[in-house]
2 protein chains.
Amino acid sequence: MAITTKDLAQLCGVSRTTIHRALNGTGRIKPETKEMILQVAKEHGYRPDLLATGLAKGQTYNIGVVVLDVKNRYFAQMLSTISTEAYARGYGVNITLHGGDAGTEREQLTRLADYRVDGIILSSVNEGEAYRTFLESLHRPIVSVDNRIADGIPFVGIDQRAAVREAVQRAAEKGYERIVFVCPPLDTKNRQNLYVHKERLLGYEEEMKRYPALRPECILSWDYLQKVDAILKEGKRTAFVCTADEYALEIMKDQKRAKRKAPVDYGITGFDNIDTLAYVTPQLSTISNVVDEVAKSAVEMLFAMIDAEPEVEQMTGDSQRILPHRYLEGETL
Amino acid sequence: MAITTKDLAQLCGVSRTTIHRALNGTGRIKPETKEMILQVAKEHGYRPDLLATGLAKGQTYNIGVVVLDVKNRYFAQMLSTISTEAYARGYGVNITLHGGDAGTEREQLTRLADYRVDGIILSSVNEGEAYRTFLESLHRPIVSVDNRIADGIPFVGIDQRAAVREAVQRAAEKGYERIVFVCPPLDTKNRQNLYVHKERLLGYEEEMKRYPALRPECILSWDYLQKVDAILKEGKRTAFVCTADEYALEIMKDQKRAKRKAPVDYGITGFDNIDTLAYVTPQLSTISNVVDEVAKSAVEMLFAMIDAEPEVEQMTGDSQRILPHRYLEGETL
DNA sequence: ATGAAAGCGCTAACAG
DNA sequence: CTGTTAGCGCTTTCAT
């Protein structure tokens, strides 16, 4: 349907090669011929077929992104930043979602690779050596964010453990008698990014060791609202360190019914600094995972690999970039 | 780098065509040969090059989506639903963002078309006959959502005017003495989907005519917080009909400082039913734009066109699907 | 300065 | 049941 270089060649009475030279400004070509060709091309609304171009050049000027879910504020923000950065470099972005399913994640990655994207940014639910092998079999530059997949796979993210340690420490300093960690179940196959939650749990456990007077207590189930309620009924001064803002918000909402409010009746911190927090009172104390910086950093790293790769088939070693998190003091702890 | 059908042909000692038949289960082929080929293919981890396939077949099994911004809850929800539906049909989804810029929107659409996506779902910031011509020049099935672009371009959305009329009517029934419409500026080039806001404004104006005792009053500027404050200082029973939940939330937050709360000191309604509302008290009265249904409907319509298109070069006439909105009663009006 | 020809990897029409 | 051949639209040597 659309017009091709072959058609243009016929229209202009020259060869396809000449058309190509005019269109791409490459090689020697008589200025007038070039003018003429460009003119004709424009009149007929010529546009190169990107599939054919990609096939012939082995390069598509597209990068792929695979994340859990676009409804999640964190990923939405990340996608937004990645897109902007990529567009600015003349690259397109192909966004796909795995919804927390390991199989889907592999499919999407395979699909992107088979479409010959020039590079991939991935927030994975998989990990381990076997997965590393799979990723390498795609023969594409890949940067993982959030989750460290395995040694040798470039990675950008924050130190989840250190972040939670800071939250625990701050709770301890304020003299809470109990500090409870709240997290979704880590075993079952739920639509969550488990890796980060596991790391956060480890951070909690590590930090709690520093306070002999306190006993580690975790809530790792979906009926956390009831458990929180039961704990608060026992009357001790308690702080809840939540692994995500949503859980903290749910708890605060639920406790309103019982007429208990943070920070007077209990302390609470979230994680992620989702933008919903701007409209909620009291202002939730939380941890920023500096998503913009993670995204920018990932894009930079990816393009460094893309630009380097052409000759060498190597993943640029095991570059890992750990960015500092930020504790955001609110009113709830 | 990766293995091709040519390599397989050599390895198996047959022709490329036979390989193709084995891989695609098409045409006659001896079961044993097929087995053997499949076996070899698997061993070598053969995967078809999707660019080449697309080029040869003229079909990519990909649809493109162009929306304003993925950070916007409404679009995030829409993208999520579209992706799920498309995956289920064996299609991939290529998501791109135009950020409210008309030029970028055209670029992204062109890019998608040049990548030969089989169809496109578009939430446009453009409209009019000229744009219709442009869209038709892409020679791809296109469904627009939210904004009606021009006659003849398939469209799915809600009746924005009717939705606002209902909000106004409900405010009128509750006896408010003033009903004020709150909206971002409609003239300047801001990163908004202006079409829907314009429609909502028209709905407000239409409905207000039915109440002679009330005078239409609109706030169409970014300093709406101050204006709202000034109006409330005048002491009349006032309801604010906002064109988006965010504005309503900002107002409620701002008014808290002045110790004024809905619904006792003023009435207020939002639009969109963003999920932040779940955590905010008092519960905001708002209008659901039934995004899931819009998205599903758009996908269905698009695939109907894709399935029909092969032979005929026509946009299936001007199918328009207007879905009913839903007023969600909260505590603020 | 221009053209001919081969190739990217897959598909499809037509023979045998 | 299998192979030959041509072609999708663009790029890229290598001649002329």
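Numbers restart at 1 for each chain; the letters A, B, ... are given by sequence-line order, proteins then strands. Heavy atoms only: backbone and side chains are in, while hydrogens, waters and symmetry mates are out.
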(request) Starting from C1' on C/dT2, measure out to NZ on A/Lys30 and report it in whole angstrom. (result) 10 Å

(message) Quick check on C/dT2: is either OP1 or OP2 less than 4.0 Å from any side-chain nitrogen or oxygen of A/Thr18?
(response) no

(message) For A/Glu300, is there an ion pair with A/Lys296 - N to carboxylate O distance below 4.0 angstrom?
(response) no

(request) Check the distance between C/dT11's C1' and B/Arg116's CZ and give it to me in whole angstrom. (result) 13 Å

(request) Please tell me if the side chains of A/Asn147 and A/Glu127 come closer than 4.5 Å, counting only heavy atoms from C-beta onward. (result) no

(request) Using a 4.5 Å cut-off on heavy atoms from C-beta on, say whether the side chain of B/Glu105 contacts that of B/Leu122. (result) yes

(message) Counting primed atoms plus P, OP1 and OP2 as sugar-phosphate and everything else as base, spell out the protein contacts along nucleotides 10-16 of chain D at 4.0 Å heavy-atom distance: B, S or - for each nucleotide, 5' to 3'.
(response) BBB----

(message) What is the distance, to the nearest angstrom, from the CD1 atom on B/Ile19 to the P atom on D/dC1?
(response) 17 Å

(request) Determine whether the aromatic ring centres of A/Tyr115 and B/Tyr115 lie less than 6.0 Å apart. (result) no

(request) Could you tell me the separation between the CG atom of B/Leu8 and the P atom of C/dT11, rounded to a whole number of Å? (result) 12 Å

(message) What is the separation between atom CD1 on A/Ile37 and atom P on C/dA1, rounded to the nearest whole Å?
(response) 13 Å

(message) List the residues meeting side chain to side chain donor-acceptor pair (under 3.5 Å) with A/Thr5, not counting sequence neighbours, and say none if there are none.
(response) A/Arg16

(request) To the nearest Å, give me how far apart NZ (B/Lys34) and C1' (D/dT2) are. (result) 15 Å

(message) Distance check needed: D/dC1 P versus B/Met36 CE, whole Å only.
(response) 15 Å

(request) To the nearest Å, give me how far apart CG (B/Leu55) and P (D/dA6) are. (result) 18 Å

(message) Categorize B/Ile29 for me: base, sugar-phosphate, or nothing, with a 4.0 angstrom heavy-atom threshold over every strand shown.
(response) sugar-phosphate

(request) Would you confirm whether B/Asp118, through its side chain, and B/Tyr61, through its main-chain N or O, come within 3.5 Å as a donor-acceptor pair? (result) yes

